[in-house]
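Values below: every heavy atom of this structure, side chains too, minus hydrogens, waters and symmetry copies. Naming convention: chains lettered A, B, ... in sequence-line order (proteins, then strands); numbering from 1 in each chain.
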2 protein chains.
Amino acid sequence: MIDAAMTLLDEAGLDELTTRKLAERLGLRVGAIYWHVKNKDELLAELADRIVGEALAEPLPDMSTTDQLETTAMALRRAMLDHRDGARLVAGYAVPGSNSLALADRLIGIARTAEVPLPLAAHACDALLSYTTGFVLQEQQQPPGATASGADEALELSGLPHLAELLAAGIPDRETAFSAGLRLITAGVIAK
Amino acid sequence: MIDAAMTLLDEAGLDELTTRKLAERLGLRVGAIYWHVKNKDELLAELADRIVGEALAEPLPDMSTTDQLETTAMALRRAMLDHRDGARLVAGYAVPGSNSLALADRLIGIARTAEVPLPLAAHACDALLSYTTGFVLQEQQQPPGATASGADEALELSGLPHLAELLAAGIPDRETAFSAGLRLITAGVIAK
DNA sequence: ACCTGAACACCGTTCAAGT
DNA sequence: ACCTGAACACCGTTCAAGT
């Protein structure tokens, strides 16, 4: 059931993930869905939790504290990117009681082993999670035929000198942009 | 038209912001909506842009570079919090060509006046925007009767020692949590 | 220019009734 | 225990036709 929903999500995206299409894929009538699951929101919550679970499954090699924090955040990003609209799902339906809490606990734990005081560790965890989901959300937003690379259609840049300069200098790819933001956050944690 | 949509959003939330309810509020039939606007997505994009515009309207007093960056991010947070589901709207429908670009340009500009090199300034801008929308998204998520303060219903904390400790120590309020994350990012920008 | 009437192709959810 | 049939109350969108 949830497996079928997951593959339907991956193939069709969140907007097309409908109870009726799910039923059809399972060879059932719509109503049958509601024997397995209370409602659609519960279904989506389970999907979101599963995605966060994939991030959690990633092993953590021996490395510096900041690298461990960054690796964990990158695992979350990977897990969300691995599923269509993954970030929207996690941001919108991931619910306490589940893997999200475990992920938060892991992040705080990493910071604490480096003797980071609890309040700062909590804020760092919060910042990393908000940043990561915010970043991937934006990343997965441009959906259909966004011209993959190069300066695409001339958007209005008059009055936006810095963006113009940035466009001329070349926009960095998503990977390095994400890592750079991550570094800004984690550096602040141990520097304190 | 967009004004009516905005107040409907504020009163009813994004899920209840429906073309039919909007028409009813305007004393029209549904079809009439589509004379004013191409489709619902365009309507939502205009709302999102308007919200970002409110953030842009906030004046920037004379202060340190990091304070200016933080003030700008806080203005965006305020603007999103000022409207029901503001973050979901901005994250999901804000589109280039509009106030989002102006906001990004402003952030990069602030960093650049402090002689931050362009690539770092761009990454800082990216990080601040992703963090802020991610944070407020989460903030506006718990919708209905989330027990406002205090440790609410016992969620399962076995195996989550750090979260348990955090809960015992008291969860910091959203304001200071947001500021703390902001500081982590901005500190990294000038420290470099 | 601006709107109505009326339809089309969808949704999520419920619930008696079947097996 | 698991599913069907059939309905209910909604959606967004289109488009001829009216004024």
Contacts of Thr18(A) and Ala32(B) projected onto DNA chain C by closest heavy atom; the upstream (5') one is Ala32(B)

Asp41(A) atom CG is separated from dT13(C) atom C1', nearest whole Å, by 12 Å

| query | Do side-chain atoms of Tyr93(B) reach the backbone of Leu43(B) as a donor and acceptor pair under 3.5 angstrom? | reply | no

* Asked: Less than 4.5 Å apart, any side-chain heavy atom of Glu165(A) and any of Arg112(B)?
  -> yes

Student check: side-chain heavy atoms of Leu184(A) and Leu184(B) closer than 4.5 Å | no

In whole angstroms, the gap separating P of dG12(D) from CD of Glu42(B) amounts to 15 Å

To the nearest angstrom, the CH2-P distance between Trp35(A) and dA16(C) comes to 18 Å

Separation of dG12(D) atom P from Leu22(B) atom CG, nearest Å, is 10 Å

Whole-Å distance, Arg20(A) CZ to dC11(D) P, equals 15 Å

Would you say Tyr34(B) reaches dT13(D)'s phosphate, i.e. side-chain N/O to OP1/OP2 under 4.0 Å? yes

Just N and O in the side chain of His36(B): are any of them under 4.0 Å from OP1 or OP2 of dA1(C)? no

| said: Can you confirm if the NZ or CZ of Arg77(A) lies within 45° of the ring axis of Phe135(A) and under 6.0 Å from the centre of its six-membered ring? | reply: no

So the side-chain hydrogen bond (donor to acceptor under 3.5 Å, both in side chains) pairs with at least one residue in residues 20-33 of chain B (sequence neighbours excluded) are Thr7(B)-Arg25(B), Glu11(B)-Arg25(B), Glu16(B)-Lys21(B)

Q) Would you say the side chain of Arg50(B) lies within less than 4.5 Å of the side chain of Asp3(B), judging by non-hydrogen atoms? A) yes

Rounded to whole Å, NZ of Lys40(A) lies from C1' of dT13(C) at a distance of 12 Å

Are Leu22(A) and Met1(A) close enough that some pair of their side-chain heavy atoms sits under 4.5 Å apart?
yes

task: Please check the phosphate of dC11(D) (OP1 and OP2 only) for any side-chain N or O of Lys21(B) closer than 4.0 Å.
output: yes

**Message:** It should be established whether Thr19(A) places a side-chain nitrogen or oxygen under 4.0 Å from OP1 or OP2 of nucleotide dC11(C).
**Reply:** no

Between CG of Leu28(B) and C1' of dC2(C) the distance, given in whole Å, is 9 Å

Separation of dC2(D) atom C1' from Lys38(A) atom NZ, nearest Å, is 20 Å

- When you check the phosphate oxygens OP1 and OP2 of dG5(D), does a side-chain N or O of Arg29(A) lie under 4.0 Å from one of them? yes

Applying the Watson-Crick and G-U criteria (both distances under 3.5 angstrom) with [ ] for crossing and | for other-strand pairs, one obtains for DNA chain C ||.|||||...|||||.||

